[in-house]
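Notes to accompany the following structure.
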Amino acid sequence: MSPAQQLPDWQDPNVYESGRLPMSASVRRECPTLSLDGTWKFRWFDSFTEREGGFEAVKFDDSGWGTMPVPGFFLNDTAATEIYTNHGYPW
């Protein structure tokens, strides 16, 4: 490819953002600090097609779900089956 030819953004490995606003965060001083640590509800599905919808609803019945500590690692803290390979897990 000659220097005059330019790749489209979606093909150019040097382009990692396009048309995005600058990153920012805001903190309200009157709000308490939010911690995500604690015990979370957790449910494992063997297949994506078995998942339940509507779990984000306030009145959703999650009484049959398990729990896991956060921070944690779900393979150690749940009944999920670890998959051993000769390659590392992708991060």
Side-chain angles (χ1 to χ4, degrees):
M1 179 178 291
S2 70
Q5 293 176 324
Q6 174 128 3
L7 290 172
D9 286 353
W10 60 273
Q11 287 185 327
D12 187 349
N14 296 313
V15 175
Y16 58 91
E17 61 184 32
S18 177
R20 174 177 79 73
L21 293 174
M23 291 184 280
S24 65
S26 60
V27 177
R28 296 179 62 181
R29 298 196 188 282
E30 65 273 7
C31 293
T33 302
L34 175 65
S35 172
L36 299 177
D37 297 355
T39 302
W40 286 34
K41 291 284 196 166
F42 182 83
R43 174 132 188 232
W44 178 263
F45 293 98
D46 289 326
S47 168
F48 177 75
T49 58
E50 296 175 10
R51 74 197 187 287
E52 292 179 71
F55 62 86
E56 70 282 355
V58 174
K59 294 185 178 184
F60 182 80
D61 180 17
D62 61 1
S63 61
W65 289 28
T67 59
M68 65 176 284
V70 173
F73 186 54
F74 75 93
L75 290 177
N76 293 336
D77 301 323
T78 67
T81 303
E82 293 187 36
I83 300 171
Y84 295 98
T85 68
N86 61 343
H87 301 280
Y89 281 120
W91 296 109

For residues 56-64, which side-chain donor-acceptor pairs fall under 3.5 Å, sequence neighbours excluded?
| unit_1 | atom_1 | unit_2 | atom_2 | d |
| --- | --- | --- | --- | --- |
| D61 | OD1 | S63 | N | 3.1 |
| D61 | OD1 | S63 | OG | 2.7 |

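Evaluation of the salt bridge (charged side-chain N to carboxylate O under 4.0 Å, His left out) test over residues 46-55, restricted to residues two or more places apart or in two chains, returns R43-E52.
Residues D37 and P71 are in side-chain contact: their nearest non-hydrogen atoms beyond the backbone lie under 4.5 Å apart.
Distance check, rounded to the nearest 0.5 Å: CZ of F42 to CE of M68 gives 6.0 Å.
For R20, the salt bridge (charged side-chain N to carboxylate O under 4.0 Å, His left out) test picks out E17, with sequence neighbours left out. Residues passing the side chain to side chain donor-acceptor pair (under 3.5 Å) test with S18 are D9, sequence neighbours excluded. Take S47 and apply the side chain to side chain donor-acceptor pair (under 3.5 Å) test, not counting sequence neighbours, and it matches T49.
Atom OH of Y16 is surrounded by 12 or fewer heavy atoms from other residues, nucleotides or ligands within 6.0 Å.
Through direct or relayed side-chain contacts under 4.5 Å between Ile, Leu, Val, Met, Phe, Trp and Tyr, M23 connects to no other residue.
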